[in-house]
Amino acid sequence: MELGSRDAFSRMGTLGIEEEFYIVDADGHPTSGTDDLVYGRDPPAAVPEGFDHELFECTIEAQTETIEDPAAAREALATVREALVDHAAADGYRIAAAGLHPTAKWRELDHVEKPRYQAQLDRIRYPQHRNTTAGLHVHVGVDDADKAVWIANRLRWHCPVLLALSANSPFWNGFDTGLASARAKVFENLPNTGIPSAFDDFDAFRRYERRMVETDSIADRGELWFDVRPHTGHGTVEVRAPDAQRDPEVTLALVEYVRALVVDYAARYEDGESPPTLRRELLDENKWRAIRHGHDAAFVDRDGEGTTPLGEIVEAECDRLGIDGIREVYEAESGAARQRRIRGESGADALRSDLLVRA
């Protein structure tokens, strides 16, 4: 079985950005195309590793190479996005981005034939059959395995904040769900998702990972789909909470925030700080608030004694960490509000057009 080790955690502060997108036709409707773009011809020179399948033939994943210098994140993201858009255009497709495509109807879309996903469909059944979600995953390198687990434990409180800032999926299966991030709720129906329990150290996490594989609960470690996890293969802390984004500036702001958090918590770990404890149920409550309210959410504080609006959290985090991107994201119209406004003012055709990624 493929399981990681402590040795994987060797570099601090590197970045990797994974984005999931929708393949759409000329009118912006999700369509089959993954096989063409993954297997049909050679990958673009700018992305020599190419692109990867997701569960549906209309979804595709693009990821940057490891980014050593965070200042290079913008260029790395632009390179991958431009390559994907051009690669798709060569076969007559376009690329769209959102946590859920507002007009994707899962019963009318085909799943990929890749054995890994077919096995998941057979094992999980209905929840996976309707999983048309698209997310943003951020990897940050950590140079010690126990430190990575400690940081992942701390990041659990921040995952709902990231989800609220990124909330970009009010529509599912053609209907307004009343949620800011229906993606998070649809995805949460799968096993091994949501905010995980805390782990005492790396050995505890590795025992859990091994037990899940050995008991045939999962096929491999990649099927632990939690909002945050130590990635025992890449040697990173991986945050998987946000919705996918059309606007690269939003993606970059969320990436900046995640990296700043990891670096800050790494220093706190070195200083021997004792982390506060908050019941898992209250973390779940915070996630629900993000799912339902997006930018309008207020969150249970780390000490469990009160609540703080997202705007105040953003101001405090920007001041504490020396970042600005998430302040701009919060002050702008949210993705969910934008989608509702465009569909209400101009209809579904205009909304599909607005979600297109342009090189």
Side-chain angles (χ1 to χ4, degrees), residues 17-65 75-118 121 128-137 168-169 171-174 183 186 243-251 335 338-339 342-343 346-359:
I17 307 170
E18 300 177 7
E19 295 186 290
E20 295 168 347
F21 296 101
Y22 295 96
I23 304 165
V24 298
D25 62 19
D27 296 320
H29 294 283
T31 185
S32 297
T34 313
D35 282 352
D36 295 342
L37 302 187
V38 173
Y39 297 132
R41 51 194 165 84
D42 292 337
V47 186
E49 297 300 317
F51 308 105
D52 203 2
H53 278 295
E54 282 302 316
L55 175 65
F56 281 85
E57 289 187 1
C58 66
T59 52
I60 192 167
E61 181 183 272
Q63 53 188 307
T64 66
E65 296 182 344
E75 181 180 356
L77 188 70
T79 295
V80 172
R81 282 181 164 226
E82 290 169 7
L84 176 59
V85 169
D86 292 343
H87 191 63
D91 279 358
Y93 301 113
R94 305 180 79 177
I95 299 297
L100 289 167
H101 195 283
T103 60
K105 296 183 178 181
W106 64 269
R107 290 182 178 87
E108 301 172 3
L109 296 166
D110 294 327
H111 298 106
V112 299
E113 296 298 324
K114 190 174 182 178
R116 170 185 173 83
Y117 289 114
Q118 287 296 313
L121 289 166
Q128 186 72 324
H129 276 264
R130 64 177 191 161
N131 179 25
T132 58
T133 60
L136 164 66
H137 306 159
N168 188 32
S169 52
F171 303 109
W172 183 59
N173 226 34
R183 176 204 63 88
V186 171
D243 281 1
Q245 303 295 315
R246 181 212 60 174
D247 186 348
E249 294 301 320
V250 178
T251 295
R338 178 185 178 90
Q339 286 196 41
I342 291 173
R343 194 175 86 159
S346 305
D349 290 346
L351 178 53
R352 283 194 299 271
S353 177
D354 186 70
L355 296 179
L356 294 175
V357 176
R358 295 172 172 85

Are [X] and [Y] close enough that some pair of their side-chain heavy atoms sits under 4.5 Å apart?
| X | Y | value |
| --- | --- | --- |
| Arg338 | Arg246 | yes |
| Thr31 | Cys58 | no |
| Arg116 | Gln118 | no |
| Pro30 | Glu57 | no |
| Glu19 | Arg81 | yes |
| Arg358 | Leu356 | yes |
| Tyr93 | Ser32 | no |
| Asn168 | Gln339 | yes |

Query - Stepwise side chain to side chain contact (heavy atoms under 4.5 Å, CB included) test for Leu355 and Leu351 - result: CA-CA 6 Å; Leu355 296 179; Leu351 178 53; 4.3 Å; yes

Report task. Go through the steps for Leu84 and Val47 under the test side chain to side chain contact (heavy atoms under 4.5 Å, CB included), then give the verdict. Result -> CA-CA 9 Å; Leu84 176 59; Val47 186; over 6 Å; no

Query raised in the report: Using the benzene-type ring in the case of Trp, are the ring centres of Tyr39 and His53 under 6.0 Å apart?
Result: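 Yes, they do, as the ring centres are separated by less than 6.0 Å.
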
Taking all non-hydrogen atoms of both residues, which atom of [X] and which atom of [Y] are closest, and how far apart?
| X | Y | result |
| --- | --- | --- |
| Glu65 | Pro48 | OE2-CG, 3.9 Å |
| Leu37 | His87 | O-NE2, 2.9 Å |
| Thr133 | Tyr22 | C-OH, 3.6 Å |
| Gln245 | Phe21 | O-CE2, 4.4 Å |
| Asp52 | Ile60 | O-CG1, 3.3 Å |
| Ala46 | Thr79 | CB-CG2, 3.8 Å |

Backbone N/O of [Y] and side chain of [X]: donor-acceptor pair under 3.5 Å:
| X | Y | answer |
| --- | --- | --- |
| Gln128 | Leu121 | no |
| Asp25 | Asp27 | yes |
| Ser169 | Gly99 | no |

Distance in Å, [X] [atom1] paired with [Y] [atom2], rounded so as to fall on 0.5 Å steps:
| X | Y | atom1 | atom2 | result |
| --- | --- | --- | --- | --- |
| Ile23 | Thr34 | CD1 | OG1 | 3.5 Å |
| Leu100 | Asn173 | CG | CG | 9.5 Å |
| Arg352 | Arg94 | CZ | CZ | 11.5 Å |
| Gln63 | Glu18 | CD | CD | 4.5 Å |
| Phe51 | Glu61 | CZ | CD | 11.0 Å |

Report task. Tell me, with the steps shown, if His29 and Val24 meet side chain to side chain contact (heavy atoms under 4.5 Å, CB included). Result -> CA-CA 5 Å; His29 294 283; Val24 298; 5.8 Å; no

Query raised in the report: Under 30°, 30 to 60°, or over 60°: which ring-plane class applies to Phe56 and His111, parallel, tilted or perpendicular?
Result: tilted

Report task. Could you check His101 against Thr103 for side-chain hydrogen bond (donor to acceptor under 3.5 Å, both in side chains), going step by step and ending with a plain yes or no? Result -> CA-CA 6 Å; His101 195 283; Thr103 60; 3.3 Å; yes

Query raised in the report: So does Arg41 pair up with Asp91, basic N to acidic O under 4.0 Å?
Result: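 Salt bridge between Arg41 and Asp91, a charged N being under 4.0 Å from a carboxylate O: yes.
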
With a cut-off of 6.0 Å (strictly less than), are more than 12 heavy atoms of other residues, nucleotides or ligands near [atom1] of [X]?
| X | atom1 | result |
| --- | --- | --- |
| Lys114 | NZ | yes |
| Glu75 | CD | no |
| Glu249 | CD | yes |

**Report entry** Test side chain to side chain contact (heavy atoms under 4.5 Å, CB included) applied to Arg107 and Arg130, step by step
**Finding:** CA-CA 7 Å; Arg107 290 182 178 87; Arg130 64 177 191 161; over 6 Å; no

Query raised in the report: So among Leu109, Thr132, Asn131, which one has a side-chain contact (heavy atoms from CB on, under 4.5 Å) with Leu55?
Result: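 Exactly one candidate clears the test, Asn131.
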
